[in-house]
Amino acid sequence: MAQVWGLLCLRLTEAEVLPLNHSLQAAALEDYVHTLEHTAKDANITTLDLTDLHHAVQAFEEAAKLVGEQAMPSSSSSSSSSSSSLNDRLAFTERRFLSRHASSSSSSSSSSPFDDLNDRLAFTERRFLSRHGLPGRQWFKHILQAPGLYKGYGSDVFPGATQAIRDNEPDVAQQQIQIAAQRIAGAAAFLLHGEKS
């Protein structure tokens, strides 16, 4: 396990652009929507409007694709060094850290051209948090996944809406669907434009 974490740290420190692929999250969101549709169908709740949620997921898919294309060119440079020995990689990482530390202490204005992109890649996940949390469980803030109320450690997707459907509360479910759509659309905008959105 230590080897996995060590290699992950090396990969992250060597990368000019963080190796975070939001296209995988976009594909998962599509599956989450289908799961929610089946949950509502199984509960015989036909009044839910998922239009905004579908549009938000589509926007996130498009944003993830565009940002993935932005990140693609620099990913080839780090793959060329993947065959070098571990000691060489550690020495490279140490030199890079020391040069970054020296340059940041001498000049606070120096920054990578990829800083904005890396911030968007790294902090998009935070956009899936709801300040108010889930209904009846305010300590759970993530609107995409959370432990199911009666599932032990098992998880639910779109947990606020899913639990409301199970509790036969379509109004609460619709409210949670709207919150999820807003958060996903906000994440898509952040992924594309950062804090400007």
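All figures in this text were calculated on a predicted structure; none of them were measured in a lab.
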[atom1]-[atom2] distance between [X] and [Y], expressed to the nearest 0.5 angstrom:
X      : Y      : atom1 : atom2 : answer
Gln70  : Phe114 : CD    : CZ    : 10.5 Å
Ile179 : Ile184 : CD1   : CD1   : 12.0 Å
Phe190 : Asp119 : CZ    : CG    : 7.0 Å
Leu36  : Lys41  : CG    : NZ    : 14.0 Å
Ser23  : Leu29  : OG    : CG    : 11.0 Å
Gln174 : Thr47  : CD    : OG1   : 7.5 Å

Should the heavy atoms of other residues, nucleotides or ligands under 6.0 Å from CZ of Arg137 be counted, would the total exceed 12?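 Count over threshold, so yes.
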Within a radius of less than 6.0 Å around NZ of Lys151, do more than 12 heavy atoms belonging to other residues, nucleotides or ligands occur?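 Result for NZ/Lys151: enclosed.
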Looking at Thr124 and Ala187, would you say the former's side chain and the latter's main chain have a donor-acceptor pair under 3.5 Å?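 Checking the backbone N and O of Ala187 against the side chain of Thr124, no donor-acceptor pair under 3.5 Å is found.
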So, does Arg183 use its side chain to make a donor-acceptor pair with the main chain of Leu129 at under 3.5 Å?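 Confirmed, Arg183 side chain pairs with Leu129 backbone.
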Identify the two heavy atoms, one from [X] and one from [Y], that lie closest to each other, and give their separation to 0.1 Å.
X      : Y      : answer
Ala26  : Ala64  : CB-CB, 4.4 Å
Thr51  : Asp49  : OG1-OD1, 2.6 Å
Pro170 : Leu48  : O-CD2, 3.6 Å
Val17  : Asn118 : CA-OD1, 3.2 Å
Ala180 : Ile143 : CA-CD1, 3.7 Å
Ala173 : Ala164 : N-CB, 3.4 Å

Among Ile, Leu, Val, Met, Phe, Trp and Tyr joined by side-chain contacts under 4.5 Å, find the other residues sharing a cluster with Phe140 and list them by chain and number.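 Besides Phe140, the hydrophobic cluster comprises Leu134, Trp139, listed by chain and residue number.
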So if I apply the side-chain contact (heavy atoms from CB on, under 4.5 Å) rule between Leu117 and each of Leu18, Val67, Leu191, which one comes out positive?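 The option that passes is Val67.
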With Asp156, the side-chain contact (heavy atoms from CB on, under 4.5 Å) member among Thr39, Thr35, Thr162: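 It is Thr162; the other options fail the test.
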Just by distance, with hydrogens left out, do Gln178 and Gln182 show a side-chain donor and acceptor under 3.5 Å apart?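 There is no such pair between these side chains.
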Less than 4.5 Å apart, side chain to side chain, heavy atoms only: is that true for [X] and [Y]?
X      : Y      : value
Arg166 : Leu149 : no
Asn168 : Ile45  : yes
Glu125 : Gln25  : yes

Same apolar cluster (I L V M F W Y, side chains within < 4.5 Å links), Val57/Leu50: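 Yes, one cluster joins them.
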Pairs involving residues 16-56, ordered by first then second residue, that meet ring-ring contact (aromatic ring centres under 6.0 Å, His included) (sequence neighbours left out):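 Checked against ring-ring contact (aromatic ring centres under 6.0 Å, His included) - neighbours excluded - no pair reaches residues 16-56.
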